[in-house]
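Read through the structure below, which is laid out as structure tokens, and then see the notes.
Per chain, numbering begins at 1; letters A, B, ... match sequence-line order. Treat the numbers as computed from the prediction; the structure is a model and nothing was measured.
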Number of protein chains: 2
Amino acid sequence: MADNQRMRISAKADYAVRAALELASVSDDASLKAEAIAAAQGIPHKFLEGILGDLRRGGLVVSQRGGKGGYRLARPADTIAIADVIRVADGPLVSVRGVRPPELSYVGPAESLLPLWIAVRANVRKILGEVTLADVATAELPDEVQDLAEDPEAWTNP
Amino acid sequence: MADNQRMRISAKADYAVRAALELASVSDDASLKAEAIAAAQGIPHKFLEGILGDLRRGGLVVSQRGGKGGYRLARPADTIAIADVIRVADGPLVSVRGVRPPELSYVGPAESLLPLWIAVRANVRKILGEVTLADVATAELPDEVQDLAEDPEAWTNP
DNA sequence: ATGTTTCCCTAGTAAATCGATAGGAAAACT
DNA sequence: AGTTTTCCTATCGATTTACTAGGGAAACAT
């Protein structure tokens with residue numbers, strides 16, 4: 001026991017963000033074909049098609065069919081947060097036992113668990129909600145995020 | 001699509017923390033039976049037994065069989081972090097696509113994703129690693145966590 | 001000793017989720 | 001027409017999740 005992983009970013013969310021970053025890295029009116037994104041990021045092509053469909057239905061990208069078709073971002077890359085992409089591809093950022101924190105109810109000594117989960121969620125949101133596709137694509141993360149990532153202890157395993 | 005949840009606390013992790021909190025709420029040398037914890041927190045009894053076994057193998061609780069048996073914490077409640085309990089019951093706190101962040105490799109405009117995941121992980125660790133069973137059981141969360149949880153916006157859904 | 005209580009261990013299981021793949025229909029362009 | 005590319009539905013095997021079942025092994029009481 002104790003070898004699976006909680007609080008994980010799924011392959012789907014990871015792929016979605018990477019696809020969006022490819023789109024963010026080309027000039028504004030240009031578009032990329034699914035196949036090109038798949039090749040650039042090493043993502044299974046048909047799987048990626050489904051993900052791009054989610055992003056389109058979520059209003060983050062627009063698509064065009066045919067010979068010079070493809071996908072492009074629906075808004076400027078500096079107005080799309082990483083959290084937006086993850087939520088559209090994969091649902092709520094944080095949940096406990098399948099439900100979002102505000103729906104939980106705890107009794108006895110566990111009563112303060114709810115504010116704790118809320119705090120964790122707020123903290124995750126704070127990062128993923130303020131970092132945009134443009135930030136990551138240009139490798140210019142906000143200072144506070146940079147600082148967190150530069151702490152060597154953050155890279156050690158447990 | 002887009003209705004499952006990423007970065008979720010599993011039922012098992014949630015139950016494990018709640019069970020540990022029940023143990024934290026009784027006097028130091030007293031012990032609780034699995035059945036009593038199950039009843040107090042509304043956790044399926046046999047399922048909880050397995051979880052308590054994990055906590056024991058992880059060195060967080062000690063057990064005693066027989067008539068006046070039960071479980072108690074192996075260390076004082078203010079020396080056990082919530083992160084300890086989750087990791088013992090459920091494995092690493094944060095992972096991306098099944099692997100821990102330092103093992104990932106990204107190319108092109110996705111290169112800065114790695115420091116971003118690291119920053120998220122560091123942030124989650126910071127909270128769950130500093131809040132102890134004693135803090136939650138006595139409803140006295142550290143100030144910074146309290147502050148995060150008090151922001152009304154933290155309670156709104158997306 | 002005997003019986004009761006409680007933890008401990010292994011196995012199983014139904015349902016959901018994950019990470020894909022397959023096959024083709026519907027647009028857009030040449 | 002013919003080509004390209006998106007779009008849609010369906011399926012799939014493997015794993016994980018959240019449990020349940022059944023009994024063995026200590027500890028204690030009588």
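- The distance between atom NE2 of His45(A) and atom C1' of dG19(C), rounded to the nearest whole Å, is 16 Å.
- Closest heavy-atom contact between Val145(B) and Ile127(B): CG2-CG2, 4.3 Å.
- Distance CG (Asp54(A)) to P (dG19(C)): 13 Å, rounded to an integer number of Å.
- Comparing Lys68(A) and Glu49(B) by the nucleotide of DNA chain C that holds the closest heavy atom to each, the one mapping nearer the 5' end is Glu49(B).
- Between the side chain of Trp117(A) and the backbone N or O of Arg100(A), no donor-acceptor pair lies under 3.5 Å.
- One can place CZ of Phe47(A) at 18 Å from P of dC12(D), the figure rounded to the nearest angstrom.
- Distance Ile51(A) CD1 to dC18(C) P: 12 Å, rounded to the nearest Å.
- In this structure, Arg18(A) atom CZ and dG19(C) atom P are separated by 12 Å, rounded to whole Å.
- Looking only at distances, no side-chain donor or acceptor of Asp151(B) sits under 3.5 Å from a matching main-chain atom of Leu148(B).
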Output a table of donor-acceptor pairs, distance under 3.5 Å, between side-chain atoms of residues 58-75 of chain B and any protein atom two or more places apart or on a different chain; print 'none' if there are none.
{"unit_1": "Arg75(B)", "atom_1": "NE", "unit_2": "Thr79(B)", "atom_2": "OG1", "d": "3.4"}
{"unit_1": "Arg75(B)", "atom_1": "NH2", "unit_2": "Thr79(B)", "atom_2": "O", "d": "3.0"}

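- Leu55(B) places its CG atom 14 Å from the C1' atom of dC7(C), with the value rounded to the nearest Å.
- An OP1 or OP2 oxygen of dA18(D) is reached within less than 4.0 angstrom by a side-chain nitrogen or oxygen of Arg8(B).
- Contact annotation: Ser10(B) does not reach the phosphate of dT16(D) (side-chain N/O to OP1 or OP2, under 4.0 Å).
- Rounded to an integer number of Å, the gap from Ile43(B) CD1 to dT17(D) P is 17 Å.
- Between Gly66(A) and Arg56(A), the one whose closest nucleotide on DNA chain D sits nearer the 5' end is Gly66(A).
- Judged by distance alone with a 3.5 Å cut-off, no donor-acceptor contact links the side chain of Gln64(B) to the base of dC7(C).
- No N or O donor and acceptor, one from the side chain of Arg65(B) and one from the base of dT6(C), sit under 3.5 Å apart.
- Look at Arg72(A) and you won't find any side-chain N or O under 4.0 angstrom from OP1 or OP2 of dT6(D).
- Distance from the side chain of Tyr71(A) is smallest to dC7(D) among dA20(C), dC7(D), dC19(D).
- One atom, CG of Leu52(A), and another, P of dA20(C), lie 15 Å apart when rounded to the nearest Å.
- Remark: side-chain polar atoms of Arg18(B) are paired, donor with acceptor, to backbone N or O of Gln41(B) under 3.5 angstrom.
- Base contact: Lys46(A) has a heavy atom under 4.0 Å from a base atom.
- The nucleotide whose nearest atom lies closest to any side-chain atom of Tyr15(B) is, among dA20(C), dC19(D), dT30(C), dC19(D).
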